[in-house]
Amino acid sequence: MNFQSPQSQVVLSGHGLVKYYGSVVGLAGVDVAVRSGEALAVMGPSGNGKTTLLHVLAGILTPDQGEVWLAGERVDQLNDAARTVLRRRRLGFVFQDNQLLAELPADENVALPLMVDGLSRRDAIGRARNMLAQVGLAAEVGRRPGELSGGQAQRVAIARALVGEPQVVFADEPTGALDAATGSQVIDLLVGAATYRGAAVVVVTHDNAVAARCHRALHIVDGRVSESTGVAR
């Protein structure tokens, strides 16, 4: 399935990004830009900087050199508290292991970031159930993660990532724990649902099939961009 990316403005960019882990170079001068409504796959061998780039762009790590910009705001100069608020209000995250809370039903898992940000429980649950319906889980709102299939659990994680209407969704190997058919469905849902809402998507993946469902792919080797393939459609 091909998703259409509108001609839109750059919402997230990194310029000259350098990150060290002691004497080990994690990033060695990476430049990247992602537009609203565009899905970018970040690929490369393990240990070559993919997840480091995601964490720097998301404000989880601060680069040792370079700049990160989100919709006109320089992220790398914010303090820890401000970056935490930015991640909660303007970014969404999907992880390989979904990181759902086992004791909470699906609707409460999705509503949790809204409640943490101050929205009433009633309104947060209402928005969560609406989002779960949009990802095909209207009948599963009361089920806990252990009662869901792997694909259903990742759909809950996608709903949680999107419920706050983020500008960018970051996904770290979102299909890594799923079989090929379920993984294809999940990545189609993630890219389609996020870009339809105008969010950018940054996906770290080893899977060529996942990358093929994105608009572009960035290949990182030894902390440097070795290749950029595809064109925003």
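Inter-residue side-chain proximity for Val34 and Val168 is flagged as unmet; no heavy-atom pair is nearer than 4.5 Å. Looking at Leu40 and Leu218, their side chains come closer than 4.5 Å, going by heavy atoms from C-beta outward. Between Leu91 and Leu70, some side-chain heavy-atom pair lies under the 4.5 Å cut-off. A heavy-atom distance below 4.5 Å is found between the side chains of Glu73 and Leu86.
Sparse packing is recorded around CZ of Arg224, with 12 or fewer heavy atoms of other residues, nucleotides or ligands lying under 6.0 Å away.
Cluster membership check: Val186 shares its hydrophobic cluster with Val94, using side-chain heavy-atom separations under 4.5 Å among Ile, Leu, Val, Met, Phe, Trp and Tyr. The cluster map of Ile, Leu, Val, Met, Phe, Trp and Tyr, joined by side-chain heavy atoms under 4.5 Å apart, puts Val201 and Leu54 in different clusters. Note: the hydrophobic cluster containing Val11 also contains Val32 (ILVMFWY, side chain heavy atoms under 4.5 Å, direct or indirect links). At a threshold of 4.5 Å between side-chain heavy atoms, the hydrophobic network of Ile, Leu, Val, Met, Phe, Trp and Tyr places Val202 and Val75 in one connected group. Residue Ile187 is not grouped with residue Val204 when hydrophobic side chains (ILVMFWY) are merged at heavy-atom distances under 4.5 angstrom, including chains of intermediate members.
The nearest pair of heavy atoms linking Val163 to Val110 is CG1-O, 3.5 Å. Closest approach of Ala194 to Val169, counting heavy atoms only: CB-CG2, 4.3 Å. In this structure, Asn48 and Asp222 approach most closely via the heavy-atom pair OD1-N, 2.6 Å. Cys214 and Val203 make their closest contact through SG-CG2, 4.3 Å (heavy atoms, listed as atom of the first residue, atom of the second, distance). Contact between Pro45 and Lys50 at its shortest, heavy atoms only, is O-NZ, 3.2 Å. The two residues Pro166 and Ala199 have their closest heavy-atom pair at O-CB, 3.5 Å.
Applying the ring-ring contact (aromatic ring centres under 6.0 Å, His included) test to pairs two or more places apart or on separate chains, those with a residue in residues 167-189 are Phe93-Phe170. For residues 76-87, the pairs satisfying salt bridge (charged side-chain N to carboxylate O under 4.0 Å, His left out) are Arg74-Asp76, Asp80-Arg83, with sequence neighbours left out. Applying the salt bridge (charged side-chain N to carboxylate O under 4.0 Å, His left out) test to residues at least two apart or on different chains, the pairs with a partner in residues 99-115 are Asp107-Arg129, Glu108-Arg121. Applying the side chain to side chain donor-acceptor pair (under 3.5 Å) rule to pairs touching residues 159-170 yields Arg90-Gln167, sequence neighbours excluded.
Taking CG of Leu53 as the start and CG of Leu57 as the end, the distance is 4.5 Å to the nearest 0.5 Å. The CG atom of Asp123 lies 9.5 Å from the CG atom of Leu114; values are rounded to the nearest 0.5 Å. Of the inter-residue distances, the one linking Glu38 atom CD with Leu12 atom CG reads 10.5 Å to the nearest 0.5 angstrom. Here the straight-line distance linking atom CG of Asp179 with atom CD of Gln185 works out to 8.0 Å at 0.5 Å rounding. The distance from atom CZ of Arg213 to atom OG1 of Thr205, rounded to the nearest 0.5 Å, is 11.0 Å. Distance CD1/Ile125 to CG/Asn130: 12.5 Å, rounded to 0.5 Å.
Between the His215 side chain and the Ala39 main chain, a donor and an acceptor come within less than 3.5 Å of each other.
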For residues 15-24, dump all side-chain donor-acceptor pairs below 3.5 Å to protein atoms at least two apart in sequence or in another chain.
from  : atom 1 : to    : atom 2 : distance (Å)
His15 : NE2    : Ser13 : OG     : 3.0
Lys19 : NZ     : Thr62 : O      : 2.9
Tyr21 : OH     : Thr52 : OG1    : 2.8

Ignoring hydrogens and angles, write down the donor-acceptor pairs under 3.5 Å from the side chains of residues 146-155, residues two or more places apart or on other chains.
from   : atom 1 : to     : atom 2 : distance (Å)
Glu147 : OE1    : Arg144 : N      : 2.8
Ser149 : OG     : Gln152 : N      : 3.1
Ser149 : OG     : Gln152 : OE1    : 3.4
Gln152 : OE1    : Ser149 : N      : 3.0
Gln154 : NE2    : Phe95  : O      : 3.0
Gln154 : NE2    : Pro174 : O      : 2.6
Arg155 : NH1    : Val135 : O      : 2.6

Exercise for review: Please step through side-chain contact (heavy atoms from CB on, under 4.5 Å) for the pair Val42 and Ile220, ending with a clear verdict.
Suggested key: CA-CA 7 Å; Val42 180; Ile220 295 184; 3.9 Å; yes
Check your understanding: Given Gln134 and Leu162, is the side-chain contact (heavy atoms from CB on, under 4.5 Å) satisfied, shown in steps?
Key -> CA-CA 10 Å; Gln134 293 181 46; Leu162 295 175; over 6 Å; no
